> 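Take a look at this one; I'll ask things after.
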Amino acid sequence: MAVLTPRSEDFPRWYQDVIAKAELADNGPVRGSMVIRPYGYAIWERMQADVDARIKAAGAVNAYFPLFIPESYLRREAQHVEGFSPELAVVTHGGGKELEEPVVVRPTSETVIGEYMAKWTQSYRDLPLLLNQWANVVRWELRPRLFLRTSEFLWQEGHTAHADQADAAAYARRIALEVYQDFMVSTLALPVFVGRKTRKERFAGAINTLTCEGMMGDGKALQMATSHELGQNFARAFDIDYLGADGARHLAWTTSWGSSTRMVGGLIMAHGDDAGLRIPPRLAATQVVVLPVRDDEKVVAAAAQITAELKAAGVRASLDARPGLSFGRRVTDWELKGVPVRVEIGPRDLAAGNTTLARRDTGEKSTVPLSEAAGRVQALLDDVQDSLYQQALALRDSRTTDVTSLDEAVEAAATGFARLPWRLVGEDGEARLAAEALTVRCIQNPDGTLPDGTDDADDLVCLVARSY
RNA sequence: CGGGACGUGGCGCAGUUUGGUAGCGCACCAGACUGGGGGUCUGGGGGUCGCAGGUUCAAAUCCUGUCGUCCCGACCA
(Lines give C-alpha, C1' and ligand atoms only; values in the text may rest on other atoms or scores of the structure.)
Protein backbone atom coordinates (compact mmCIF):
# COMPACT_ATOMS: atom_id res chain seq x y z
CA MET A 1 0.00 0.00 0.00
CA ALA A 2 2.02 2.88 -1.28
CA VAL A 3 1.42 6.34 0.05
CA LEU A 4 1.62 7.85 -3.40
CA THR A 5 0.84 6.60 -6.88
CA PRO A 6 4.26 5.59 -8.27
CA ARG A 7 5.67 8.07 -10.76
CA SER A 8 6.21 5.39 -13.37
CA GLU A 9 2.57 4.33 -13.17
CA ASP A 10 0.89 7.71 -13.58
CA PHE A 11 2.99 10.84 -13.35
CA PRO A 12 0.15 13.40 -13.26
CA ARG A 13 -1.58 11.42 -10.56
CA TRP A 14 1.67 11.21 -8.59
CA TYR A 15 1.98 15.00 -8.89
CA GLN A 16 -1.51 15.52 -7.47
CA ASP A 17 -0.86 13.00 -4.71
CA VAL A 18 2.30 14.81 -3.64
CA ILE A 19 0.49 18.13 -3.50
CA ALA A 20 -2.26 16.65 -1.36
CA LYS A 21 -0.13 14.51 0.94
CA ALA A 22 2.60 17.08 1.48
CA GLU A 23 -0.14 19.64 2.17
CA LEU A 24 1.09 22.07 -0.46
CA ALA A 25 -2.17 23.25 -1.99
CA ASP A 26 -5.86 22.64 -2.58
CA ASN A 27 -8.16 23.52 -5.40
CA GLY A 28 -10.04 26.75 -4.79
CA PRO A 29 -13.83 27.02 -4.98
CA VAL A 30 -13.73 28.60 -8.44
CA ARG A 31 -12.44 26.32 -11.14
CA GLY A 32 -8.81 27.03 -11.87
CA SER A 33 -8.17 28.81 -8.59
CA MET A 34 -5.73 27.58 -5.99
CA VAL A 35 -5.40 27.66 -2.25
CA ILE A 36 -1.74 27.59 -1.26
CA ARG A 37 -1.44 25.86 2.10
CA PRO A 38 1.08 26.93 4.74
CA TYR A 39 3.70 24.34 3.83
CA GLY A 40 3.45 25.22 0.14
CA TYR A 41 3.45 28.91 0.87
CA ALA A 42 6.59 28.55 2.99
CA ILE A 43 8.34 27.17 -0.11
CA TRP A 44 7.12 30.12 -2.14
CA GLU A 45 8.26 32.57 0.54
CA ARG A 46 11.76 31.11 0.45
CA MET A 47 11.78 31.37 -3.35
CA GLN A 48 10.56 34.95 -3.13
CA ALA A 49 13.21 35.98 -0.65
CA ASP A 50 15.99 34.54 -2.78
CA VAL A 51 14.73 35.88 -6.11
CA ASP A 52 13.96 39.26 -4.54
CA ALA A 53 17.52 39.59 -3.25
CA ARG A 54 18.90 38.78 -6.71
CA ILE A 55 16.58 41.29 -8.37
CA LYS A 56 17.72 43.98 -5.99
CA ALA A 57 21.32 43.03 -6.60
CA ALA A 58 20.60 43.65 -10.29
CA GLY A 59 19.56 47.17 -9.36
CA ALA A 60 15.77 46.99 -9.60
CA VAL A 61 13.50 48.30 -6.86
CA ASN A 62 10.08 47.13 -5.78
CA ALA A 63 6.84 49.04 -6.31
CA TYR A 64 3.18 48.17 -6.59
CA PHE A 65 0.72 48.85 -9.39
CA PRO A 66 -3.06 48.32 -9.41
CA LEU A 67 -4.88 45.06 -9.97
CA PHE A 68 -7.44 46.80 -12.20
CA ILE A 69 -6.37 48.03 -15.60
CA PRO A 70 -8.53 50.09 -18.00
CA GLU A 71 -9.42 47.85 -20.91
CA SER A 72 -8.30 50.58 -23.29
CA TYR A 73 -4.72 50.26 -22.06
CA LEU A 74 -4.52 46.70 -23.31
CA ARG A 75 -5.71 47.76 -26.73
CA ARG A 76 -2.87 50.20 -27.25
CA GLU A 77 -0.38 47.51 -28.20
CA ALA A 78 -1.86 45.39 -30.96
CA GLN A 79 0.03 42.14 -30.44
CA HIS A 80 -0.30 42.42 -26.69
CA VAL A 81 -4.09 42.65 -26.70
CA GLU A 82 -4.31 39.94 -29.32
CA GLY A 83 -2.18 37.65 -27.17
CA PHE A 84 -4.09 38.16 -23.97
CA SER A 85 -7.71 38.73 -25.00
CA PRO A 86 -8.80 35.10 -24.77
CA GLU A 87 -7.70 34.76 -21.18
CA LEU A 88 -8.79 38.07 -19.71
CA ALA A 89 -11.10 38.40 -16.73
CA VAL A 90 -13.10 41.57 -17.34
CA VAL A 91 -15.02 43.48 -14.68
CA THR A 92 -18.12 45.10 -16.12
CA HIS A 93 -19.92 46.09 -12.92
CA GLY A 94 -18.84 47.98 -9.83
CA GLY A 95 -20.72 49.62 -6.99
CA GLY A 96 -23.92 48.09 -8.26
CA LYS A 97 -23.68 49.82 -11.65
CA GLU A 98 -22.44 48.90 -15.03
CA LEU A 99 -19.06 50.55 -15.60
CA GLU A 100 -18.65 53.03 -18.43
CA GLU A 101 -15.38 51.41 -19.36
CA PRO A 102 -14.79 47.81 -18.35
CA VAL A 103 -11.63 47.16 -16.37
CA VAL A 104 -9.56 44.04 -16.79
CA VAL A 105 -7.95 42.15 -13.96
CA ARG A 106 -4.24 42.36 -14.80
CA PRO A 107 -2.91 39.39 -16.76
CA THR A 108 0.48 41.17 -16.58
CA SER A 109 1.26 44.84 -16.01
CA GLU A 110 3.19 46.13 -19.04
CA THR A 111 0.41 48.54 -19.88
CA VAL A 112 -0.25 50.23 -16.53
CA ILE A 113 3.41 50.36 -15.72
CA GLY A 114 4.10 51.76 -19.18
CA GLU A 115 1.64 54.57 -18.51
CA TYR A 116 3.53 55.57 -15.35
CA MET A 117 6.95 55.02 -16.80
CA ALA A 118 6.00 57.61 -19.38
CA LYS A 119 5.29 60.10 -16.57
CA TRP A 120 8.46 59.35 -14.70
CA THR A 121 10.80 59.32 -17.64
CA GLN A 122 11.59 62.89 -18.64
CA SER A 123 15.33 63.00 -19.07
CA TYR A 124 18.06 60.53 -20.01
CA ARG A 125 19.10 61.03 -16.38
CA ASP A 126 15.95 59.12 -15.33
CA LEU A 127 17.14 56.04 -17.16
CA PRO A 128 17.48 53.21 -16.74
CA LEU A 129 14.27 52.90 -14.75
CA LEU A 130 14.35 49.49 -13.10
CA LEU A 131 11.11 48.38 -11.43
CA ASN A 132 9.78 45.14 -10.03
CA GLN A 133 6.57 44.14 -8.37
CA TRP A 134 5.35 41.10 -6.48
CA ALA A 135 1.71 40.54 -7.27
CA ASN A 136 -1.06 38.20 -8.29
CA VAL A 137 -2.24 38.07 -11.88
CA VAL A 138 -5.21 36.46 -13.60
CA ARG A 139 -5.29 34.56 -16.87
CA TRP A 140 -8.48 32.59 -17.32
CA GLU A 141 -7.33 29.02 -17.89
CA LEU A 142 -9.23 26.22 -19.56
CA ARG A 143 -6.91 23.47 -18.36
CA PRO A 144 -5.80 24.25 -14.82
CA ARG A 145 -3.15 22.30 -12.95
CA LEU A 146 -2.13 23.27 -9.44
CA PHE A 147 0.96 25.50 -9.47
CA LEU A 148 1.61 24.90 -13.18
CA ARG A 149 -1.37 26.61 -14.70
CA THR A 150 -4.03 28.25 -12.56
CA SER A 151 -6.31 31.15 -13.38
CA GLU A 152 -4.75 33.25 -10.65
CA PHE A 153 -1.11 32.94 -9.71
CA LEU A 154 1.55 34.79 -7.76
CA TRP A 155 4.62 36.13 -9.41
CA GLN A 156 7.19 38.82 -9.69
CA GLU A 157 7.18 40.99 -12.78
CA GLY A 158 10.05 43.31 -13.58
CA HIS A 159 9.63 46.25 -15.93
CA THR A 160 12.49 48.42 -17.07
CA ALA A 161 13.07 51.32 -19.44
CA HIS A 162 16.42 52.05 -21.04
CA ALA A 163 17.96 54.76 -23.18
CA ASP A 164 19.01 52.43 -25.98
CA GLN A 165 18.46 48.97 -27.31
CA ALA A 166 21.84 47.60 -26.32
CA ASP A 167 21.28 48.51 -22.69
CA ALA A 168 17.79 46.98 -22.68
CA ALA A 169 19.02 43.79 -24.34
CA ALA A 170 21.90 43.49 -21.90
CA TYR A 171 19.57 43.92 -18.95
CA ALA A 172 17.04 41.32 -20.14
CA ARG A 173 19.95 38.97 -20.61
CA ARG A 174 21.42 39.77 -17.21
CA ILE A 175 18.11 38.99 -15.50
CA ALA A 176 17.78 35.67 -17.33
CA LEU A 177 21.27 34.61 -16.35
CA GLU A 178 22.06 36.23 -13.01
CA VAL A 179 18.65 36.21 -11.45
CA TYR A 180 16.78 33.27 -12.93
CA GLN A 181 19.37 30.77 -14.05
CA ASP A 182 21.56 31.34 -11.04
CA PHE A 183 18.62 31.00 -8.66
CA MET A 184 17.53 27.77 -10.29
CA VAL A 185 20.97 26.25 -10.33
CA SER A 186 22.23 27.46 -6.95
CA THR A 187 19.08 27.35 -4.88
CA LEU A 188 16.62 25.05 -6.63
CA ALA A 189 19.43 22.64 -7.62
CA LEU A 190 17.81 22.53 -11.03
CA PRO A 191 19.75 22.79 -14.29
CA VAL A 192 17.97 24.84 -16.94
CA PHE A 193 18.49 25.41 -20.63
CA VAL A 194 18.64 29.16 -21.14
CA GLY A 195 17.80 30.22 -24.64
CA ARG A 196 15.75 32.37 -26.91
CA LYS A 197 12.12 31.64 -27.80
CA THR A 198 11.14 31.29 -31.43
CA ARG A 199 9.15 34.09 -33.02
CA LYS A 200 6.02 31.96 -32.60
CA GLU A 201 6.60 31.35 -28.90
CA ARG A 202 7.46 34.92 -28.00
CA PHE A 203 5.61 36.98 -25.40
CA ALA A 204 2.82 39.06 -26.94
CA GLY A 205 4.41 42.38 -27.82
CA ALA A 206 8.06 41.36 -27.37
CA ILE A 207 10.84 41.50 -29.93
CA ASN A 208 12.81 38.83 -28.10
CA THR A 209 11.96 36.41 -25.30
CA LEU A 210 14.57 34.60 -23.23
CA THR A 211 13.56 31.53 -21.27
CA CYS A 212 14.81 29.07 -18.66
CA GLU A 213 13.60 25.58 -19.52
CA GLY A 214 13.77 22.84 -16.94
CA MET A 215 13.28 19.12 -17.49
CA MET A 216 10.76 17.40 -15.26
CA GLY A 217 10.94 13.82 -13.96
CA ASP A 218 8.86 12.55 -16.88
CA GLY A 219 11.07 14.20 -19.50
CA LYS A 220 8.69 17.04 -20.26
CA ALA A 221 9.83 20.65 -20.32
CA LEU A 222 8.68 23.38 -18.01
CA GLN A 223 9.22 27.04 -18.74
CA MET A 224 10.45 28.24 -15.35
CA ALA A 225 10.97 31.96 -16.04
CA THR A 226 11.12 34.39 -18.96
CA SER A 227 12.78 37.70 -19.74
CA HIS A 228 11.63 39.86 -22.64
CA GLU A 229 13.04 42.62 -24.76
CA LEU A 230 10.02 44.68 -25.70
CA GLY A 231 11.86 46.89 -28.16
CA GLN A 232 10.03 50.20 -28.51
CA ASN A 233 6.59 48.63 -28.85
CA PHE A 234 5.32 49.62 -25.44
CA ALA A 235 7.34 52.83 -25.37
CA ARG A 236 5.57 53.86 -28.56
CA ALA A 237 2.14 52.83 -27.28
CA PHE A 238 2.57 54.65 -23.96
CA ASP A 239 4.83 57.51 -25.01
CA ILE A 240 7.75 56.50 -22.86
CA ASP A 241 10.21 59.04 -24.19
CA TYR A 242 12.93 61.23 -22.78
CA LEU A 243 15.06 64.22 -23.59
CA GLY A 244 18.56 63.08 -24.44
CA ALA A 245 21.88 64.80 -23.83
CA ASP A 246 21.68 65.85 -27.47
CA GLY A 247 18.58 67.93 -26.69
CA ALA A 248 16.32 65.71 -28.82
CA ARG A 249 13.41 63.51 -27.75
CA HIS A 250 14.02 59.77 -27.92
CA LEU A 251 11.78 56.78 -27.47
CA ALA A 252 12.89 54.46 -24.63
CA TRP A 253 13.51 50.72 -24.93
CA THR A 254 11.75 48.52 -22.39
CA THR A 255 12.02 45.01 -20.97
CA SER A 256 9.87 42.82 -18.76
CA TRP A 257 10.60 39.57 -16.97
CA GLY A 258 8.78 37.23 -14.63
CA SER A 259 8.88 34.13 -12.49
CA SER A 260 5.93 32.64 -10.70
CA THR A 261 4.48 30.07 -8.34
CA ARG A 262 4.87 27.73 -11.28
CA MET A 263 8.40 27.22 -9.98
CA VAL A 264 6.88 25.33 -7.06
CA GLY A 265 5.43 22.89 -9.57
CA GLY A 266 8.82 22.64 -11.23
CA LEU A 267 10.44 21.90 -7.91
CA ILE A 268 7.98 19.08 -7.25
CA MET A 269 8.31 17.49 -10.67
CA ALA A 270 12.05 17.88 -11.06
CA HIS A 271 13.12 16.57 -7.67
CA GLY A 272 10.22 14.54 -6.33
CA ASP A 273 10.42 10.76 -6.07
CA ASP A 274 8.04 7.95 -5.15
CA ALA A 275 8.27 8.88 -1.49
CA GLY A 276 7.27 12.49 -2.13
CA LEU A 277 8.90 15.87 -2.38
CA ARG A 278 12.65 16.43 -2.12
CA ILE A 279 13.51 20.01 -1.25
CA PRO A 280 17.05 21.26 -1.78
CA PRO A 281 18.54 22.34 1.57
CA ARG A 282 19.21 25.91 0.50
CA LEU A 283 15.53 26.35 -0.30
CA ALA A 284 14.02 24.31 2.54
CA ALA A 285 12.26 26.28 5.28
CA THR A 286 12.90 23.26 7.48
CA GLN A 287 16.25 21.72 6.64
CA VAL A 288 16.37 19.17 9.41
CA VAL A 289 13.69 17.47 11.43
CA VAL A 290 14.67 15.76 14.66
CA LEU A 291 12.67 12.64 15.50
CA PRO A 292 12.71 10.93 18.88
CA VAL A 293 11.94 7.29 18.13
CA ARG A 294 9.93 6.72 21.31
CA ASP A 295 7.79 8.95 23.47
CA ASP A 296 10.28 8.60 26.31
CA GLU A 297 11.35 11.44 28.56
CA LYS A 298 15.11 10.94 28.15
CA VAL A 299 14.93 10.36 24.43
CA VAL A 300 12.76 13.41 23.84
CA ALA A 301 15.04 15.52 26.02
CA ALA A 302 18.08 14.42 24.00
CA ALA A 303 16.22 15.15 20.76
CA ALA A 304 15.29 18.61 22.01
CA GLN A 305 18.90 19.27 22.88
CA ILE A 306 20.13 18.29 19.41
CA THR A 307 17.48 20.54 17.90
CA ALA A 308 18.71 23.45 20.00
CA GLU A 309 22.33 22.77 19.02
CA LEU A 310 21.43 22.66 15.35
CA LYS A 311 19.56 25.93 15.59
CA ALA A 312 22.46 27.51 17.41
CA ALA A 313 24.67 26.37 14.55
CA GLY A 314 22.43 28.21 12.09
CA VAL A 315 20.55 25.17 10.75
CA ARG A 316 16.81 25.53 10.19
CA ALA A 317 15.81 22.62 12.42
CA SER A 318 12.63 21.54 14.13
CA LEU A 319 11.65 18.84 16.57
CA ASP A 320 8.81 16.43 15.88
CA ALA A 321 7.91 14.70 19.11
CA ARG A 322 4.19 14.54 18.45
CA PRO A 323 2.81 11.95 20.84
CA GLY A 324 0.49 9.29 19.52
CA LEU A 325 2.08 9.24 16.09
CA SER A 326 4.30 6.26 15.53
CA PHE A 327 7.91 6.75 14.50
CA GLY A 328 7.21 5.29 11.07
CA ARG A 329 4.35 7.64 10.55
CA ARG A 330 6.42 10.67 11.36
CA VAL A 331 9.23 9.50 9.08
CA THR A 332 6.79 9.07 6.23
CA ASP A 333 5.26 12.49 6.83
CA TRP A 334 8.59 14.29 6.60
CA GLU A 335 9.65 12.26 3.60
CA LEU A 336 6.49 13.35 1.84
CA LYS A 337 7.30 16.93 2.71
CA GLY A 338 10.82 16.56 1.43
CA VAL A 339 12.82 17.72 4.43
CA PRO A 340 16.45 17.16 3.35
CA VAL A 341 17.85 15.57 6.51
CA ARG A 342 16.33 13.69 9.44
CA VAL A 343 18.05 13.27 12.76
CA GLU A 344 16.66 10.19 14.51
CA ILE A 345 17.37 9.31 18.09
CA GLY A 346 16.07 6.34 20.06
CA PRO A 347 16.94 4.45 23.25
CA ARG A 348 19.60 2.37 21.48
CA ASP A 349 21.26 5.46 20.05
CA LEU A 350 21.11 7.22 23.36
CA ALA A 351 22.65 4.31 25.25
CA ALA A 352 25.55 4.30 22.79
CA GLY A 353 25.85 8.09 22.77
CA ASN A 354 24.91 8.20 19.09
CA THR A 355 22.30 9.56 16.77
CA THR A 356 21.18 8.46 13.31
CA LEU A 357 21.31 10.82 10.32
CA ALA A 358 19.14 10.06 7.28
CA ARG A 359 19.38 11.97 4.01
CA ARG A 360 16.21 12.41 2.00
CA ASP A 361 17.79 12.38 -1.47
CA THR A 362 19.21 8.85 -1.27
CA GLY A 363 17.56 7.48 1.87
CA GLU A 364 21.03 6.63 3.17
CA LYS A 365 21.50 6.51 6.95
CA SER A 366 24.56 6.90 9.09
CA THR A 367 25.27 6.71 12.79
CA VAL A 368 27.33 9.45 14.39
CA PRO A 369 28.33 10.37 17.95
CA LEU A 370 25.93 12.87 19.49
CA SER A 371 28.74 15.35 20.02
CA GLU A 372 29.49 15.44 16.28
CA ALA A 373 25.89 15.57 15.06
CA ALA A 374 25.60 19.31 14.48
CA GLY A 375 28.79 19.52 12.45
CA ARG A 376 27.97 16.43 10.40
CA VAL A 377 24.53 17.76 9.58
CA GLN A 378 26.01 20.91 8.05
CA ALA A 379 28.20 18.87 5.74
CA LEU A 380 25.34 16.55 4.91
CA LEU A 381 23.11 19.46 3.89
CA ASP A 382 25.76 20.67 1.45
CA ASP A 383 26.04 17.15 0.07
CA VAL A 384 22.30 16.82 -0.44
CA GLN A 385 22.16 20.16 -2.23
CA ASP A 386 24.89 19.06 -4.60
CA SER A 387 23.54 15.57 -5.08
CA LEU A 388 20.05 16.80 -6.01
CA TYR A 389 21.59 19.00 -8.69
CA GLN A 390 23.70 16.13 -10.00
CA GLN A 391 20.69 13.82 -10.11
CA ALA A 392 18.61 16.37 -12.01
CA LEU A 393 21.50 17.02 -14.38
CA ALA A 394 22.07 13.32 -14.98
CA LEU A 395 18.41 12.82 -15.79
CA ARG A 396 18.43 15.77 -18.17
CA ASP A 397 21.60 14.66 -19.91
CA SER A 398 20.36 11.10 -20.27
CA ARG A 399 17.14 12.27 -21.85
CA THR A 400 18.54 14.94 -24.14
CA THR A 401 19.35 13.54 -27.56
CA ASP A 402 21.16 15.20 -30.42
CA VAL A 403 19.40 14.49 -33.70
CA THR A 404 19.74 15.55 -37.31
CA SER A 405 16.20 15.54 -38.62
CA LEU A 406 12.67 16.49 -37.64
CA ASP A 407 11.58 12.86 -37.71
CA GLU A 408 14.28 11.89 -35.27
CA ALA A 409 13.35 14.87 -33.12
CA VAL A 410 9.76 13.68 -32.90
CA GLU A 411 10.94 10.27 -31.82
CA ALA A 412 13.44 11.55 -29.26
CA ALA A 413 10.99 14.05 -27.80
CA ALA A 414 8.64 11.23 -26.85
CA THR A 415 10.78 10.67 -23.77
CA GLY A 416 12.80 13.85 -23.38
CA PHE A 417 14.45 16.71 -25.23
CA ALA A 418 15.69 16.59 -28.80
CA ARG A 419 18.45 18.97 -29.85
CA LEU A 420 18.93 19.76 -33.53
CA PRO A 421 20.04 22.55 -35.82
CA TRP A 422 17.45 25.32 -35.81
CA ARG A 423 17.73 25.72 -39.57
CA LEU A 424 16.26 22.20 -39.93
CA VAL A 425 13.13 23.35 -38.12
CA GLY A 426 12.15 26.93 -38.84
CA GLU A 427 8.55 28.11 -38.85
CA ASP A 428 7.36 25.28 -41.07
CA GLY A 429 9.03 22.75 -38.81
CA GLU A 430 7.34 24.29 -35.78
CA ALA A 431 3.97 23.74 -37.38
CA ARG A 432 4.84 20.11 -38.02
CA LEU A 433 6.01 19.64 -34.45
CA ALA A 434 2.82 21.23 -33.14
CA ALA A 435 0.85 18.43 -34.78
CA GLU A 436 2.78 16.02 -32.54
CA ALA A 437 2.12 18.17 -29.43
CA LEU A 438 5.75 19.27 -29.50
CA THR A 439 7.27 22.72 -29.35
CA VAL A 440 10.63 24.33 -29.78
CA ARG A 441 11.47 25.21 -26.19
CA CYS A 442 14.36 27.45 -27.00
CA ILE A 443 17.15 28.31 -29.41
CA GLN A 444 20.76 28.27 -28.28
CA ASN A 445 24.32 28.65 -29.49
CA PRO A 446 25.95 25.29 -30.32
CA ASP A 447 27.82 25.41 -26.99
CA GLY A 448 24.57 25.79 -25.05
CA THR A 449 24.95 29.47 -24.29
CA LEU A 450 22.35 32.14 -24.80
CA PRO A 451 22.54 33.72 -28.27
CA ASP A 452 22.91 37.46 -28.56
CA GLY A 453 20.26 39.32 -30.49
CA THR A 454 17.53 37.76 -32.55
CA ASP A 455 19.28 36.93 -35.80
CA ASP A 456 18.87 33.38 -37.05
CA ALA A 457 22.55 32.66 -37.40
CA ASP A 458 23.27 29.49 -39.32
CA ASP A 459 24.82 27.43 -36.55
CA LEU A 460 22.10 27.82 -33.89
CA VAL A 461 20.57 24.74 -32.30
CA CYS A 462 17.17 24.29 -30.74
CA LEU A 463 15.58 22.06 -28.13
CA VAL A 464 12.32 20.33 -28.90
CA ALA A 465 10.13 18.73 -26.26
CA ARG A 466 6.71 18.04 -24.90
CA SER A 467 5.88 20.63 -22.29
CA TYR A 468 3.62 21.67 -19.45
C1' C B 1 -17.85 25.46 -28.79
C1' G B 2 -17.91 19.55 -30.78
C1' G B 3 -17.34 14.20 -28.54
C1' G B 4 -17.35 10.84 -23.72
C1' A B 5 -18.36 10.09 -18.47
C1' C B 6 -19.80 11.29 -13.57
C1' G B 7 -22.59 13.86 -9.32
C1' U B 8 -23.96 9.31 -2.52
C1' G B 9 -20.32 12.02 5.07
C1' G B 10 -13.80 15.65 4.48
C1' C B 11 -11.48 12.19 0.43
C1' G B 12 -12.10 7.64 -2.57
C1' C B 13 -16.03 4.48 -3.73
C1' A B 14 -20.27 0.45 -3.44
C1' G B 15 -25.45 0.42 -3.66
C1' U B 16 -29.15 2.15 -9.17
C1' U B 17 -29.96 -3.21 -13.68
C1' U B 18 -34.55 -6.04 -10.25
C1' G B 19 -37.75 0.66 -5.73
C1' G B 20 -38.34 -1.37 0.78
C1' U B 21 -36.00 4.01 4.28
C1' A B 22 -27.94 4.31 3.18
C1' G B 23 -23.02 1.23 3.53
C1' C B 24 -17.43 0.32 2.96
C1' G B 25 -12.14 2.06 3.11
C1' C B 26 -9.31 6.19 4.52
C1' A B 27 -9.63 10.57 7.48
C1' C B 28 -11.83 12.61 12.21
C1' C B 29 -13.07 12.26 17.97
C1' A B 30 -12.38 9.43 22.95
C1' G B 31 -9.68 5.75 25.61
C1' A B 32 -6.19 1.81 26.18
C1' C B 33 -2.05 -0.83 24.64
C1' U B 34 2.02 0.73 21.53
C1' G B 35 6.37 3.14 19.08
C1' G B 36 13.99 1.73 15.26
C1' G B 37 9.84 2.91 8.33
C1' G B 38 2.19 4.91 7.20
C1' G B 39 0.64 0.32 14.62
C1' U B 40 -3.56 -2.62 17.18
C1' C B 41 -8.10 -2.89 19.75
C1' U B 42 -12.69 -0.89 21.72
C1' G B 43 -16.20 2.84 21.43
C1' G B 44 -18.03 7.28 18.81
C1' G B 45 -19.49 11.67 15.56
C1' G B 46 -20.71 13.04 10.75
C1' G B 47 -24.68 12.19 4.67
C1' U B 48 -31.64 17.02 2.66
C1' C B 49 -27.82 10.58 -2.03
C1' G B 50 -26.24 17.90 -7.01
C1' C B 51 -31.09 20.59 -7.59
C1' A B 52 -36.45 20.84 -9.04
C1' G B 53 -40.65 18.43 -10.42
C1' G B 54 -43.24 13.67 -11.36
C1' U B 55 -44.72 8.20 -10.74
C1' U B 56 -45.54 5.11 -6.20
C1' C B 57 -48.06 2.78 -0.03
C1' A B 58 -42.68 3.55 -0.51
C1' A B 59 -37.40 6.70 -4.67
C1' A B 60 -30.11 7.16 -4.03
C1' U B 61 -32.70 3.55 -7.30
C1' C B 62 -37.85 4.68 -12.24
C1' C B 63 -39.43 9.26 -15.53
C1' U B 64 -38.77 14.55 -17.01
C1' G B 65 -36.16 18.85 -16.62
C1' U B 66 -32.09 21.54 -14.76
C1' C B 67 -27.33 22.78 -12.71
C1' G B 68 -22.44 21.45 -11.98
C1' U B 69 -17.90 18.78 -12.46
C1' C B 70 -14.23 15.83 -14.91
C1' C B 71 -11.76 13.74 -19.45
C1' C B 72 -10.51 14.46 -25.07
C1' G B 73 -9.73 18.39 -29.74
C1' A B 74 -7.58 25.51 -30.98
C1' C B 75 -4.09 29.52 -26.78
C1' C B 76 -0.87 30.22 -22.16
C1' A B 77 3.98 32.32 -16.44
Side-chain angles (χ1 to χ4, degrees), chain A residues 1-5 12-13 16-17 20-21 23 26-27 29-32 82-88 106-110 135-145 147-158 180 197 200-204 206 209-214 221-228 256-266 275-276 291-296 299-300 303 320-336 342-352 354-356 358 360 363 365 367 431 434-435 437 439 467-468:
Chain A
M1 193 175 75
V3 181
L4 303 170
T5 305
R13 178 86 182 276
Q16 290 184 315
D17 285 355
K21 296 278 187 170
E23 301 179 336
D26 257 328
N27 283 303
V30 173
R31 178 180 155 78
E82 190 187 332
F84 281 105
S85 284
E87 43 188 313
L88 290 181
R106 63 175 165 228
T108 176
S109 304
E110 274 75 8
N136 57 338
V137 284
V138 168
R139 300 177 187 181
W140 216 257
E141 289 294 346
L142 303 177
R143 290 205 184 297
R145 293 253 271 148
F147 290 114
L148 300 176
R149 203 185 301 110
T150 49
S151 288
E152 179 190 5
F153 58 91
L154 305 182
W155 76 346
Q156 119 329 271
E157 50 176 320
Y180 297 142
K197 283 291 184 189
K200 176 175 179 285
E201 299 285 330
R202 257 179 216 161
F203 176 75
T209 287
L210 311 180
T211 179
C212 294
E213 298 285 324
L222 181 70
Q223 179 175 308
M224 306 273 297
T226 49
S227 182
H228 317 287
S256 71
W257 25 279
S259 63
S260 73
T261 38
R262 169 179 273 188
M263 291 191 294
V264 177
L291 298 174
V293 172
R294 306 180 63 130
D295 187 16
D296 168 277
V299 173
V300 173
D320 181 8
R322 285 175 291 177
L325 282 185
S326 70
F327 174 71
R329 178 53 181 256
R330 284 174 288 142
V331 167
T332 308
D333 272 357
W334 292 111
E335 277 183 343
L336 283 165
R342 292 193 309 279
V343 173
E344 305 173 355
I345 182 159
R348 296 207 297 262
D349 288 316
L350 198 54
N354 289 334
T355 185
T356 302
R360 175 63 183 86
K365 290 190 182 188
T367 302
T439 47
S467 69
Y468 282 99

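Remember, predicted model here, so these are calculated numbers, not experimental data. Residue numbers begin at 1 in each chain, while the letters A, B, ... track the order of the sequences.
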> Take atom CG of A:L88 and atom P of B:C75, then tell me their distance rounded to the nearest Å.
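Distance check: A:L88 CG to B:C75 P gives 17 Å.
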> Both A:D295 and A:E87 contact RNA chain B. Which one's nearest nucleotide lies toward the 5' end?
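Result: A:D295.
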> Step through the shown structure and confirm whether more than 12 heavy atoms of other residues, nucleotides or ligands are within 6.0 Å of CZ on A:R13.
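It does not: A:R13 CZ has 12 such atoms or fewer within range.
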> Return whichever of A:R294 or A:S259 has its heavy-atom-nearest nucleotide of RNA chain B closer to the 5' end.
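Residue closer to the 5' terminus by nearest nucleotide: A:R294.
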> Apply the side chain to side chain donor-acceptor pair (under 3.5 Å) test between A:S256 and each candidate in A:E157, A:H228, A:E110; give the one that qualifies.
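Only one of A:E157, A:H228, A:E110 forms a side chain to side chain donor-acceptor pair (under 3.5 Å) with A:S256, namely A:E110.
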> From C-beta outward on A:R330, which listed nucleotide comes closest to its side chain: B:C76, B:G36, B:G35?
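In terms of side-chain proximity for A:R330, the closest of B:C76, B:G36, B:G35 is B:G35.
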> Does a side chain donor of either A:S259 or A:Q156 reach within less than 3.5 Å of an acceptor in the other side chain?
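On atom types as modelled, these side chains qualify, holding a pair under 3.5 Å.
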> So, applying side chain to side chain contact (heavy atoms under 4.5 Å, CB included) with A:R262, which one of A:L222, A:L154, A:T150 is it?
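Answer to the side chain to side chain contact (heavy atoms under 4.5 Å, CB included) test with A:R262 among A:L222, A:L154, A:T150: A:L222.
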> Classify A:G346 by what it touches in the nucleic acid, base, sugar-phosphate, or nothing, heavy-atom distance under 4.0 Å.
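Counting heavy atoms under 4.0 Å across all strands, the contact made by A:G346 includes a base.
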> Heavy atoms under 4.0 Å, any strand shown: does A:P107 hit a base, just sugar-phosphate, or nothing?
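It contacts nothing in the nucleic acid.
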> Please tell me which of the listed nucleotides, B:A77, B:G36, B:G39, lies nearest to the side chain of A:S326?
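Given the options B:A77, B:G36, B:G39, the side chain of A:S326 is closest to B:G39.
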> Taking NZ from A:K21 and P from B:A27, how many angstroms apart are they, rounded to a whole number?
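Roughly 8 Å, once rounded to whole Å.
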> Only pairs with both distances under 3.5 Å count, Watson-Crick or wobble alike; so what is the partner of B:C26 in this structure?
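Checking every strand shown, B:C26 finds its partner in B:G10, with both distances under 3.5 Å.
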> Report yes or no: is there a donor-acceptor pair, N or O only, under 3.5 Å between the side chain of A:D296 and the base of B:G35?
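Checked by distance alone, the answer is no.
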> In Watson-Crick or G-U wobble terms, both distances under 3.5 Å, what is the partner of B:U40?
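In the structure as shown, B:U40 has B:A32 as its Watson-Crick or wobble partner.
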> Looking at the base of B:C76, is there any donor atom on it, or on the side chain of A:R139, that sits under 3.5 Å from an acceptor on the other one?
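In this structure, the two groups form no donor-acceptor pair.
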